[in-house]
There are 2 protein chains.
Amino acid sequence: MAKGPTVYHVAERAGVSIATVSFTFRQPDKVKASTRELVLAAAEELGYVPSASARGLARGRTGALGLFAYDYLLDPADGIRGEGQDPLHPAEADLERRNEDLRLFPLYVDEVQRGVELECWRRGQALLVGGGNPENNEAVLSDIAGRVDGLAVFPRSVPSEALARIARRIPVVEVSENVHNRELDHVTVDNISGVRAITEHLISAHGLSDLMFLGGMPSSDNEERLEGFLGALQDAGLPTTREPKYPCGSEQSLTEVVSDICRQGSLPEAFVCATDQDALVVMDALAAVGVGIPKDVAVTGFDGIAAGRVIKPSLTTVRQPMEQMGRTMVELLLDRLDHPDKPPVARRLPVRVVLRESCGCQPG
Amino acid sequence: MAKGPTVYHVAERAGVSIATVSFTFRQPDKVKASTRELVLAAAEELGYVPSASARGLARGRTGALGLFAYDYLLDPADGIRGEGQDPLHPAEADLERRNEDLRLFPLYVDEVQRGVELECWRRGQALLVGGGNPENNEAVLSDIAGRVDGLAVFPRSVPSEALARIARRIPVVEVSENVHNRELDHVTVDNISGVRAITEHLISAHGLSDLMFLGGMPSSDNEERLEGFLGALQDAGLPTTREPKYPCGSEQSLTEVVSDICRQGSLPEAFVCATDQDALVVMDALAAVGVGIPKDVAVTGFDGIAAGRVIKPSLTTVRQPMEQMGRTMVELLLDRLDHPDKPPVARRLPVRVVLRESCGCQPG
DNA sequence: GCGATAAATCAAAGCGCTTAGATACTTTGC
DNA sequence: GCAAAGTATCTAAGCGCTTTGATTTATCGC
């Protein structure tokens, strides 16, 4: 564990200058084959491993990208936060729950992260994943920012001032919710036509006409989804008498909304939900009061998380190409490095309706 | 995107030396409060983000740990590799399958990785995750090694010479399979008592006496599991007449083994499988020939992957504390950095039997 | 108010690599 | 066989930070 060998050691051993050693690794064809072998052999014997810090410093580029996977488990917005957690291990209680509850794993973020990982590896980029306790997000973010050439972040994971500050230094790309910072590159999906398509399916394939849109929290994504919903109703000449419900924030209140509706006997023919998570909550609420899906009411989601495939009845939804979104983030980052002055890009990816049982379709 | 501000800029702006700027960030109490504010303000205005490369170079430590998550999707050993894949996008075909097939996500590695991530974040370490195409694993590994202070790896993800070379430079910890390199730190689980316990359960709770051990591939983990199995039989005074089957490598042959047994009519009362993946294959094979589980034969696994909870019948298994294993890897790495000369550590974590339907127990 | 001691700041020397530009060594053309 | 035109290699100047030891400034006891 003694301090490792450096270019100097290798150079000495091979009887060349340190420049030649460096060239051997970075621009092999600038070095005569015989010399190269010599250097390589010396390096091998010494167990030489180039220091990325030194290289990064010299080159002004680290060769790594960063992903800030904020600790979504703790995000109050998704309603799975537990109470009274050990502040030192904030994530553990949730993680355990997550391990026990298939619904929670893998989530949207996990699949996007997977895409980021794969694309980085494919392109020979190192990937730094950082997460944080909500308390010190900024410090962590800044630390990561100092280590990478570009940063991929999830929306609302970090105050936008902090993000703006980072963005002055390195490219930043945000996934979805392209509303917060129009100066950044964004990867989003076609929310509008996704929901429009699934709504049309409910109308034309299942002959439904009394539909209601339900969403857990306000966001630009959800607004677009609502827009798609309303568009489909209009196109079909249906009235938009039901006002869409956005119980802001917690599952609790979404559950309440649903049970209120049931109690009043004003059940629509279908609930079009803004996310799969919302849909799962709605399905639970319906099950709790004995309403049958899709017999009494159809339910659809948006995202395509794994849980939707397992649940009974399986969830009809709009699947986001999450892996592809992750890959695209990497692509935009690398692009931006080459063209710093290009205007901000917002890449919008297509989605796919996945018909399953909860809308009344047969599986398989 | 102009080259960002450095300590020099901040120092100039704040009217102090670069040393003071550095101290402000690294050892704030060495700096007078008023000066500190000055520096911080200047840094803020300039949008200063310290360069980790420079810090790493100066300190001789990067402050990051690495995880080499070899692309298990491509590991022929787990039998899910597709044929004729685009060499440029080696993982994509498999990833798509994985997305479609719940069995494959999240896997063992995913959960361990999650543990590594969480523990790194908790300890304020950056985490570099690297994966690789099977072709250039070594190059990738070496690149990662140059970027981190310590490396966590999965077994057989990389040639052991390469690993040994890295280990000369930085601490390396391997998860499970502590057979390849006894010089490295290891995190393993108590395979023996896990399988012993689950076997005892089959014997005493379900009154079974004709048990058979089945494993997809030879490994030190699996050998220990077999040992636990045999131990339980002996303790119960049962004969070990059935020879355990290790169809080396592919699911194909494990499937064949099972259908052969069925064809011969020599079905045991239970299959104790070396891994959940193996168990899933076995269950498929049994289903294919119309053998009922657990009615005609009980089946158990080992690992506790998510798929075992969803499958019908749900899989009785021995759950490894995967997250904890990941966390422990980080712990060992950091430990090793402080005590380079301590003899190699092999930390063995306890496992937990999870009774579900496939052994004949009722769920819930 | 003075020297002595502690606290705050600074100057400067690296850390290990990359890469211009300089230098040495080979080819090539005639 | 020699100048011209490559090739191969080297010298040396950073890259942006940390940190030791020196220097300056503030604090204290008497």
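So that the names make sense, note that chain A is the first sequence line, chain B the second, and so on, each numbered from 1.
A donor-acceptor distance shorter than 3.5 angstrom exists from the side chain of B:Asp185 to the backbone of B:Val345, with no hydrogens or angles considered. Within the 3.5 Å criterion, the main-chain N or O of B:His339 finds a donor-acceptor partner in the side chain of B:Arg336. Between the side chain of A:Trp121 and the backbone N or O of A:Val116, no donor-acceptor pair lies under 3.5 Å. Proximity of a side-chain donor or acceptor of B:Arg147 to a complementary backbone N or O of A:Thr62 within less than 3.5 Å is detected. With B:Ser51 contributing its side chain and B:Ala54 its backbone, the two residues share a donor-acceptor pair below 3.5 Å.
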**Message:** Is there a side chain to side chain contact (heavy atoms under 4.5 Å, CB included) between A:Leu334 and A:Leu65? Walk through the geometry before answering.
**Reply:** CA-CA 9 Å; A:Leu334 262 19; A:Leu65 295 182; 3.7 Å; yes
**Prompt:** Given the rule in the side chain to side chain donor-acceptor pair (under 3.5 Å) test, do A:Glu111 and A:Gln324 qualify, once you have shown the distances and angles that lead to the verdict?
**Reply:** CA-CA 9 Å; A:Glu111 302 202 32; A:Gln324 192 54 48; over 6 Å; no
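Between A:Tyr48 and A:Tyr8, the distance from one ring center to the other does not fall under 6.0 angstrom.
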**Fill in**
Each nucleotide of nucleotides 18-26 of chain D classed B (base within 4.0 Å of a protein heavy atom), S (only sugar-phosphate) or -, in 5' to 3' order, makes BBB------
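Other residues, nucleotides and ligands place more than 12 heavy atoms under 6.0 Å from the CD atom of B:Glu331.
Residue contacts for B:Thr35: at a heavy-atom cut-off of 4.0 Å it reaches the sugar-phosphate backbone alone, with no base atom in range.
The phosphate of C:dG16 (OP1 or OP2) has no side-chain N or O of A:Ser51 nearer than 4.0 angstrom. Considering only side-chain N and O atoms, A:Thr6 lies nowhere under 4.0 angstrom from the phosphate OP1 or OP2 of C:dG16.
Taking atom CG of residue A:Leu57 and atom P of nucleotide D:dC15, one finds them 9 Å apart after rounding to whole Å. In this structure, A:Glu12 places its CD atom 17 Å from C1' of D:dT11, rounding to the nearest Å.
Of the residues in residues 36-45 of chain A, not one comes within less than 4.0 Å of DNA chain C through any heavy atom.
Fit an axis to the five pairs at each end of the helix from C:dG1-D:dC30 to C:dC30-D:dG1 and the two axes sit 20° apart, to the nearest 10 degrees.
Shortest non-hydrogen contact noted between A:Asp143 and B:Ala126 is OD2-CB, 4.4 Å. For A:Val172 against A:Leu333, the heavy-atom pair with the smallest separation is C-CD1, 4.0 Å.
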